[in-house]
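Residue numbers count from 1 along this sequence.
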Amino acid sequence: MENLISLVNKIQRACTALGDHGEASALPTLWDSLPAIAVVGGQSSGKSSVLESVVGKDFLPRGSGIVTRRPLVLQLHKIDEGGREYAEFLHLPRKRFTDFAAVRKEIQDETDRETGRTRQISSVPIHLSIYSPNVVNLTLIDLPGLTKVAVEGQPDSIVQDIENMVRSYIEKPNCIILAITPANQDLATSDAIKISREVDPTGERTFGVLTKIDLMDKGTDAVEMLEGRAYRLKYPWIGVVNRSQADINKNVDMIAARRREHEYFSNTPEYKHLAHRMGSEHLAKMLSKHLEAVIKSKIPGIQSLISKTIAELEAELSRLGKPVAADDGGKLYAVMEICRSFDHIFKEHLDGVRPGGDKIYNVFDNQLPAALKRLQFDKQLSMENIRKLITEADGYQPHLIAPEQGYRRLIESSLTTVRGPAEAAVDVVHSLLKDLVHKAISETLDLKQYPGLRVEVGNAAIDSLEKMREESKRATLQLVDMECGYLTVDYFRKLPQDVDKGGNPTHSIFDRYNDSYLRRIGTNVLSYVNMVCASLRHSIPKSIVYCQVREAKRGLLDHFFTELGKIEPKRLSSLLNEDPAIMERRSALSKRLELYRSAQAEIDAVAWSK
């Protein structure tokens with residue numbers, strides 16, 4: 001079974017490579033859910049020496065003031081005995097460092113690349129992996145040392161900036177805190193203990209490490225602190241003896257330094273009874289064992305987060321759509337499928353599966369009848385106009401029975417006004433169909449993926465609707481014209497004849513059309529026109545539905561499909577040009593999904609084998 005810490009290290013590296021870590025986000029990520037150990041301490045507390053002792057290599061920059069100016073995520077990987085030690089930086093993939101002096105220089109150079117050659121700090125971490133047979137599997141995060149005052153070249157805010165950066169790591173519930181405190185300093189003033197107590201008041205996540213025990217004043221010792229009587233933590237304090245500056249200057253070997261450290265605790269009477277749990281070698285083994293236990297306890301939560309994130313990633317990838325096919329046939333098929341999807345959504349709007357189609361019915365049931373009802377025939381059927389048209393229609397010889405031509409002219413002039421509502425109904429339905437096209441386009445997810453195709457489909461659909469509107473307008477106005485061109489005979493046969501109801505035929509032509517007679521003509525004409533309007537109220541919607549709605553359902557994109565078969569490969573490709581931001585997003589999501597699926601499989605395998 002793969003070591004749990006090695007597995008977590010691998011997942012953390014992959015998370016970092018994809019930017020899937022929580023430094024700049026409040027949302028939980030896989031990185032946040034994975035336990036890690038953060039090394040916290042004040043400046044010159046011996047943090048760097050502790051890390052080098054754990055690794056067994058001299059590889060960290062040294063100097064006065066703030067040396068660690070960026071977080072260093074240090075992943076240790078135990079390899080088989082006899083294997084060659086090497087280091088790798090995440091920002092320099094596939095480059096192996098076997099000279100650890102070069103590692104130190106690269107840490108310094110990479111820090112300067114981010115912060116410049118100043119004393120500024122940066123929260124952007126450096127990721128370093130070390131492979132060696134002399135280490136235990138472990139992940140440590142070296143944070144800038146806490147300080148109380150800003151020195152020359154540093155902003156006044158640097159004290160708070162460093163504290164905020166340290167807190168951003170150690171506040172996470174999955175973070176194990178390694179609090180480094182010099183033994184020759186009053187524990188009450190320890191920066192590491194102070195900030196650890198604030199974020200972990202019960203000490204459940206804190207390990208205390210005492211450094212510089214060998215540098216304490218004569219007559220004093222650290223027994224009270226190491227036994228937990230001065231400040232109690234859940235886990236026992238561990239003391240270490242680091243190399244002195246003289247040892248560093250002489251390039252004393254780390255193995256030799258560890259041996260001397262062991263001898264110091266074994267031979268010093270005050271610490272002899274604690275020697276079995278002192279030293280950097282014990283510290284590394286204890287941290288590795290504890291980290292593995294914490295990881296095991298967190299596996300159910302990690303599995304839950306991974307499953308949830310995989311579902312979210314798959315859903316978002318589905319919304320973004322599939323990547324573009326490489327061959328022309330595949331591209332043509334993709335365009336056709338997207339168009340069919342749009343056409344299906346458009347039809348769903350018309351058929352009531354989606355909202356919008358009901359507005360067309362509202363035109364027929366409310367707007368058109370109301371418009372017909374509002375028509376005013378006062379001008380056409382005024383006494384003056386009736387007398388004028390009846391007289392003109394008679395010409396030189398007055399009518400004998402009923403003024404047929406006069407009736408015709410009055411009816412035609414009245415029915416002509418119906419063209420307005422009929423034409424308006426066609427235009428309103430056209431507008432509603434256009435709105436449904438825009439809705440269907442916005443609801444077709446694949447069209448969001450391809451702006452060029454979205455424009456082409458939209459233009460093709462609107463062009464088809466324009467042609468349908470023209471045909472509908474022609475057919476609908478023909479209905480009105482038909483009513484003007486042929487009057488219903490039965491209606492007029494029922495009218496009383498002039499000789500019974502009219503004036504005295506012996507009077508002059510102007511006298512015989514008295515007001516009572518003309519009003520009766522106007523009433524008859526209005527009655528006929530209302531009858532025709534009632535008929536048109538039903539026939540106009542039929543014409544509009546037949547010419548516009550039905551045709552839109554049957555063949556909205558027929559012409560576009562015909563032209564698509566003739567399109568050149570270059571233009572076909574241009575239709576499927578994606579928004580670069582979407583392509584980049586899909587690529588990033590696909591990589592994250594691959595990472596999470598891989599992590600899920602590996603963590604599940606570990607969980608099942610427990």
Side-chain angles (χ1 to χ4, degrees), residues 2 4-36 73 75 90 123-125 127 139 141 168-169 171-175 294-325 334 337-338 341-342 344-345 348 354 439-451 453-454 576-608 610:
E2 183 176 14
L4 271 176
I5 298 176
S6 297
L7 172 59
V8 168
N9 283 350
K10 182 164 70 174
I11 295 172
Q12 284 176 327
R13 286 199 308 277
C15 286
T16 305
L18 294 178
D20 187 49
H21 46 79
E23 284 89 347
S25 172
L27 297 174
T29 64
L30 182 54
W31 172 275
D32 288 325
S33 71
L34 299 174
V73 179
Q75 294 183 329
L90 189 65
S123 61
V124 179
H127 293 265
T139 298
I141 304 172
S168 70
Y169 281 88
E171 283 177 340
K172 295 173 182 175
N174 290 320
C175 180
V294 171
I295 291 170
K296 280 184 180 179
S297 70
K298 301 289 184 182
I299 282 179
I302 295 171
Q303 288 174 310
S304 176
L305 174 64
I306 289 175
S307 297
K308 180 182 176 184
T309 307
I310 285 175
E312 291 172 352
L313 290 171
E314 287 175 339
E316 187 168 356
L317 279 169
S318 177
R319 287 194 297 271
L320 291 178
K322 297 177 182 178
V324 184
E337 284 298 298
I338 293 169
S341 177
F342 156 76
H344 178 71
I345 292 172
E348 286 186 337
R354 297 174 187 247
K439 278 186 179 181
I441 286 175
S442 67
E443 293 168 9
T444 305
L445 297 179
D446 289 334
L447 285 178
K448 293 180 180 179
Q449 188 176 343
Y450 308 110
L453 181 59
R454 183 170 65 241
L576 295 176
N577 282 342
E578 281 191 277
D579 183 340
I582 292 179
M583 294 174 66
E584 187 177 339
R585 179 67 176 159
R586 185 191 298 108
S587 175
L589 289 173
S590 297
K591 289 177 181 177
R592 284 188 66 190
L593 182 59
E594 184 180 354
L595 160 67
Y596 275 70
R597 282 175 175 164
S598 174
Q600 183 182 52
E602 296 189 57
I603 290 177
D604 285 351
V606 170
W608 280 106
K610 286 196 301 180

Might you point out which heavy atoms bring [X] and [Y] nearest each other, and give the distance in Å?
{"X": "Phe342", "Y": "Ala440", "answer": "CE1-CB, 3.5 Å"}
{"X": "Ser442", "Y": "Lys448", "answer": "O-CE, 3.0 Å"}
{"X": "Thr139", "Y": "Gln75", "answer": "OG1-CG, 3.9 Å"}

side-chain contact (heavy atoms from CB on, under 4.5 Å) partners of [X], counting only residues at least two apart:
{"X": "Glu584", "value": "none"}
{"X": "Glu314", "value": "Ile310, Leu593, Arg597"}
{"X": "Ser587", "value": "Lys591"}

Q | Glu348: side-chain hydrogen bond (donor to acceptor under 3.5 Å, both in side chains) partners, not counting sequence neighbours | A | His344, Arg354
(Q) So Tyr169 and Pro125, do their side chains get closer than 4.5 Å, heavy atoms only? (A) yes
Out of curiosity, [X] [atom1] to [Y] [atom2], how far, rounded to the nearest 0.5 Å?
{"X": "Leu305", "Y": "Lys308", "atom1": "CG", "atom2": "NZ", "answer": "7.5 Å"}
{"X": "Cys175", "Y": "Glu171", "atom1": "SG", "atom2": "CD", "answer": "10.0 Å"}
{"X": "Leu589", "Y": "Leu313", "atom1": "CG", "atom2": "CG", "answer": "6.0 Å"}
{"X": "Glu443", "Y": "Ile441", "atom1": "CD", "atom2": "CD1", "answer": "11.0 Å"}
{"X": "Thr309", "Y": "Arg592", "atom1": "OG1", "atom2": "CZ", "answer": "7.0 Å"}
{"X": "Ile338", "Y": "Thr444", "atom1": "CD1", "atom2": "OG1", "answer": "9.5 Å"}

Q | Sidechain-backbone polar pair: Ser304 side chain, Pro300 backbone, donor-acceptor under 3.5 Å | A | no
Q. Judged by atom type as modelled, is there a donor-acceptor pair below 3.5 Å linking the side chain of Ser598 to the main-chain atoms of Glu594?
A. no
Q. Taking only residues two or more places apart in sequence, or in another chain, which ones meet Glu337 in a salt bridge (Lys or Arg N to Asp or Glu O under 4.0 Å)?
A. Arg340
(Q) Under the rule for salt bridge (Lys or Arg N to Asp or Glu O under 4.0 Å), what residues qualify as partners of Glu316, not counting sequence neighbours? (A) Arg585
